[in-house]
Chemist: 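If you scroll down you'll find the structure; I have some questions about it.
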Amino acid sequence: MTKSVVLAAPRGYCAGVDRAVTTVELALERFGAPIYVRKQIVHNRHVVEDLQARGAVFVDELDAVPDGATVVFSAHGVAPSVHADAAARGLHTIDATCPLVTRVHNEAKKFAAQGVEIVLIGHAGHEEVEGTTGEAPESIRLVERPEDVEALEVRDPSRVTFLTQTTLSVDETAETISRIREKFPLLTDRSRDDICYATQNRQAAVKHIAADADLVIVVGSANSSNSVRLVEVAREAGARDARRVDNADEIDPAWLQGVERVGVTSGASVPESLVRGVCAFLEAHGFPPAVEEVLIEERTSFGLPRELRDAGRP
Ligand code: SF4
């Protein structure tokens with residue numbers, strides 16, 4: 001059999017990441033360095049290091065931001081308490097929360113106001129989950145996987161609904177939702193999960209190339225939820241092996257032994273240059289140029305945060 005490299009499409013930057021990275025770039029341009037960013041603007045080491053070199057300062061919490069400074073909130077969203085703290089400190093804030101995450105926050109507020117308890121499907125400790133939970137901490141119960149549903153306890157089983165993190169595995173989440181519906185037949189139901197278009201499309205595209213692949217290489221950082229999911233999805237779809245790397249330097253040539261068909265994709269926070277680096281590495285190791293298989297065309301884009309659209313400093 002001849003060797004081949006297939007590039008999944010869509011892959012890489014989603015509209016929310018593109019907007020968040022552009023937000024920091026524009027803030028640096030308009031207001032000058034340093035621009036503070038709470039948490040990683042997006043979960044990609046290379047993006048963060050590049051912005052750091054241009055004057056962005058990444059902090060874990062607002063107490064590391066000096067009075068009067070400008071701070072950007074990351075694409076994953078923040079709890080209302082963070083907005084309140086920033087306002088109390090008089091910080092200039094720019095909110096780069098992805099509009100699709102904001103939509104989940106708004107749903108959480110709406111259900112909580114109606115007295116409906118919310119089962120939030122997501123990963124404990126992920127910034128998006130912390131932000132969403134912060135909207136209605138008394139009303140939200142977190143479950144991470146289908147097995148967690150069994151032990152779930154709520155105040156009133158007839159007034160329960162669910163929300164999800166935007167970057168979960170589509171298939172595993174469907175299983176979790178089905179168990180929630182079984183356990184709470186009177187669920188205040190919703191027609192679908194909150195997994196975003198970009199996560200869904202990247203999972204569908206990697207599934208499409210994985211079944212025939214000996215090895216799928218997913219470019220993405222270890223803390224990128226959607227990148228880690230792509231590795232799992234590739235394996236479940238039939239790839240003989242699937243590995244996540246931050247960049248081509250992390251590929252172990254031993255992975256390529258006996259491998260004919262390689263699939264390549266990348267998470268929603270990954271610059272295309274890193275994917276090109278992986279393709280170049282494969283070519284240097286005897287593989288032909290990659291051929292792209294486009295499963296879905298994406299046209300989604302989001303406008304800039306209000307604070308950057310308005311004239312002058314926020
Ligand atoms: Fe928004 Fe989805 Fe991208 Fe997250 S992965 S920033 S929710 S579009």
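In this text the structure is predicted, and so the values were computed from the model without any measurement. Every number for a ligand or one of its atoms is a count from 1 in the order of the listing.
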Chemist: Atoms of ligand 1 less than 4.0 Å from G16 heavy atoms?
Modeler: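 Every atom of ligand 1 under 4.0 Å from some heavy atom of G16: 6 (S), 8 (S).
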Chemist: What protein heavy atom sits nearest atom 5 (S) of ligand 1, and how far away is it?
Modeler: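 Closest protein heavy atom to atom 5 (S) of ligand 1: C196 SG, 3.6 Å.
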Chemist: So, the side chain of R190 versus the backbone of F162: is there a donor-acceptor pair under 3.5 Å, distance only?
Modeler: yes
Chemist: Do side-chain atoms of S221 reach the backbone of S224 as a donor and acceptor pair under 3.5 angstrom?
Modeler: no
Chemist: Tell me whether the rings of H43 and H76 are parallel (<30°), tilted (30 to 60°) or perpendicular (>60°).
Modeler: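 Judged by the thresholds at 30° and 60°, the geometry between H43 and H76 is parallel.
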Chemist: State plainly whether the residues E117 and R159 are in salt-bridge range, i.e. N to O under 4.0 Å.
Modeler: no
Chemist: Just need the protein heavy atom nearest to atom 7 (S) of ligand 1, so name the residue and atom and give the distance.
Modeler: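 So the nearest neighbour among protein heavy atoms is T166 OG1, 3.3 Å.
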Chemist: Checking a contact table here: which protein heavy atom is nearest atom 1 (Fe) of ligand 1, and how many Å away?
Modeler: C98 SG, 2.3 Å
Chemist: Decide yes or no for D148 and L152: does some side-chain heavy atom of the first lie under 4.5 Å from some side-chain heavy atom of the second?
Modeler: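 Sidechains of L152 and D148: no contact.
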Chemist: Could you confirm whether C14 has any N/O/S atom lying under 2.8 Å from atom 3 (Fe) of ligand 1?
Modeler: yes
